[in-house]
Peer 1: 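Before anything else, here's the structure in question.
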Amino acid sequence: MSNNKVALITGITGQDGYYLSKLLLEKDYVVHGTVRRSSNINTDRIDPLISEYSSDGRLILHYSDLLDSSSLSSLVNLIQPDEIYNLAAQSHVNVSFKNPIFTTQVGTLGALSIMEAIRYSDKKIKFYQASSSEMFGGEEKTMLSEESPLIPKSPYAASKIFAHHMAQIYRDSYDLFMTNGILFNHESPKRGETFVTRKITKALGRIVHGIQSKLTLGNLEASRDWGFAGDYVEGMYLMMQYDVPEDWVLATGETHTVKEFLDIAFKTVNLNWEEYVKTSEKYFRPNEVDYLLGDSSKAREVLNWKPSVDFKGLVKIMVEHDINEAKKDFTLLKDNLISPTWEYPKL
Ligand code: NAP
Ligand code: G4F
């Protein structure tokens, strides 16, 4: 019988799913992950981990969907994990205005289905809920902590608040280990390509290689506390190793506008962003979170967590990665294997 700890990660195919599964595998966990069936294989991010860890049974994937509560409860029964990290969500805020019912079903009942499976399990299973700084609403220019009021501005934020409160209620009512990580924005080369940071660095790489000529964005004045995803999954792990389940903010303590991100990114390759970027109503939201700045003193003092990558470092990592990626696209284009799309992405 193996002594390895067993974790179940929902949303393992996403940005954080990649970094968290890598971290846990390096810590000798057996990692199970849920994957949604899609018409194209959607495991790109974790393919390197699959090839390294699946043959010896350390990384095991299961078809599941947060909307299918019976598949979740049978998975929990089958695997009997020590820890469950609920990362699955329709995580794009603007899309949540367009698909509010789906976003809400996944964010609320999806999360609750896992909590119910844990409640009826014979084993004491620790649970991590991916809460979000989006829940704060960013009404005022203040530092936000675990005690700050929650003022949702989107269906996404409202659904995250429901799951956040249910984790607290299950913690208090049934003495279960339900921890909430209230994470401020965290980015990386694995970030989805329609989130603003990656959209910018992806486009910049393509501009550098001459295969894109412009970039259309929305609100450039919005300000975010942006950190590196690799640092934030370390924080998730630390929260789950702490003696008691609590709520924890992870943030860098610095905030920057989209304009500042553009400025630093374009300057790394000696370009002026104003010559390439335009804005369109299409990317403005019906209700905007203007300003997010986090106070993560509790996690820093109690968990000894701190981010290792600063804002400029983050921009540099992402720009360098996407310039290399675009070089591959350029080569394929040159050999006529793909046709030019002058602006990317279309969504
Ligand atoms: P992401 O890249 O969008 O990944 C989301 C994951 O959820 C993907 O694996 C996705 O699967 C899966 N998923 C979506 N709908 C699902 C459903 N109905 N059933 C099962 N799985 C489903 O998000 P992320 O950036 O890694 O974020 C991880 C979590 O942290 C999310 O819950 C997000 O809301 C939250 N969060 C993120 C940030 C941030 O800045 N990144 C900050 C605070 C909180 P597919 O690959 O098939 O789409
Ligand atoms: O990159 P974003 O889409 O991230 P947003 O809305 O802050 O949400 C992310 O962080 C949350 C944590 O606070 C997570 F919970 C959530 O799952 C997600 O990971 O947008 C950042 C800002 C917004 O103010 C947006 O209006 O950038 C602005 N923006 C300007 N132009 C744009 C664009 N955002 C996107 N996605 N695309 C644009 O063209």
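These numbers were taken from a predicted model, which means no experiment stands behind them. Order of listing sets the numbers, starting from 1, for every ligand and every atom in it.
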Peer 1: Looking at E221 and K259, is there a salt bridge between them, counting it only when a charged N and a carboxylate O are closer than 4.0 Å?
Peer 2: yes
Peer 1: Which of these passes ring pair (Phe, Tyr, Trp, His ring centres under 6.0 Å) with W305: Y242, Y237, Y232?
Peer 2: Y232
Peer 1: Among all protein heavy atoms, pick out the one at the shortest distance from atom 39 (O) of ligand 2; state its residue, atom name and that distance to 0.1 Å.
Peer 2: K199 NZ, 2.8 Å
Peer 1: Is H92 in contact with ligand 1, taking contact as a heavy-atom separation below 4.0 Å?
Peer 2: no
Peer 1: Of the side chain and backbone of L292, name the one, both, or neither that has a heavy atom under 4.0 Å from an atom of ligand 2.
Peer 2: side chain
Peer 1: Please state which part of R191 comes within less than 4.0 Å of ligand 1, counting heavy atoms only: side chain, backbone, both or neither.
Peer 2: side chain
Peer 1: Heavy atoms only: which of R285, E134, K259 lies closest to atom 20 (O) of ligand 2?
Peer 2: R285
Peer 1: Tell me the protein heavy atom at minimum distance from atom 36 (N) of ligand 2, and give that distance in Å.
Peer 2: T194 O, 2.9 Å
Peer 1: Side chain, backbone, both or neither: which applies to L217 and ligand 2 if a contact is any heavy-atom pair less than 4.0 Å apart?
Peer 2: both
Peer 1: Considering the options K126, K123, K5, which one meets the salt bridge (Lys or Arg N to Asp or Glu O under 4.0 Å) requirement together with D82?
Peer 2: K123
Peer 1: Do R45 and Y18 form a cation-pi contact, if we require the NZ or CZ to be under 6.0 Å from the six-membered ring centre and within 45 degrees of the ring's axis?
Peer 2: no
Peer 1: Judged on heavy-atom distance to atom 7 (O) of ligand 1, which of G14, S132, A89, S188 sits nearest?
Peer 2: A89
Peer 1: Hey, which atoms in ligand 1 end up nearer than 4.0 Å to a heavy atom of A130?
Peer 2: 29 (C), 30 (O), 32 (O), 35 (C)
Peer 1: Can you check which of K190, R224, E187, H186 brings a heavy atom nearest to atom 42 (C) of ligand 1?
Peer 2: H186
Peer 1: Under 4.0 Å from a heavy atom of N185: give me the atoms of ligand 1 that qualify, with their elements.
Peer 2: 40 (O)
Peer 1: With the threshold set at under 4.0 angstrom, would you say T10 reaches ligand 1 through any of its heavy atoms?
Peer 2: no
Peer 1: Between F228 and Y19, does the ring centroid distance fall short of 6.0 Å?
Peer 2: yes
Peer 1: As a check for students: among Y63, Y232, Y156, identify the option with a heavy atom nearest to atom 36 (N) of ligand 1.
Peer 2: Y156
Peer 1: Can you report which non-hydrogen protein atom sits closest to atom 19 (O) of ligand 2, along with the distance?
Peer 2: R191 NH2, 2.9 Å
Peer 1: I'd like to check which ligand 1 atoms, numbered from 1 as shown, lie under 4.0 Å from a non-hydrogen atom of V106.
Peer 2: 18 (N)
Peer 1: Does some non-hydrogen atom of D65 fall short of 4.0 Å from ligand 1?
Peer 2: yes
Peer 1: Under 4.0 Å from any heavy atom of S91, which atoms of ligand 1 are there?
Peer 2: 1 (P), 3 (O), 23 (O), 33 (C), 34 (O)
Peer 1: Just heavy atoms, cut-off under 4.0 Å: does S131 contact ligand 1 by side chain, backbone, both, or neither?
Peer 2: backbone
Peer 1: Between K160 and ligand 2, which residue portion shows a heavy-atom distance shorter than 4.0 Å: side chain, backbone, both, or neither?
Peer 2: neither
Peer 1: Between F261 and F311, how do the two ring planes meet: parallel, tilted or perpendicular, split at 30° and 60°?
Peer 2: perpendicular
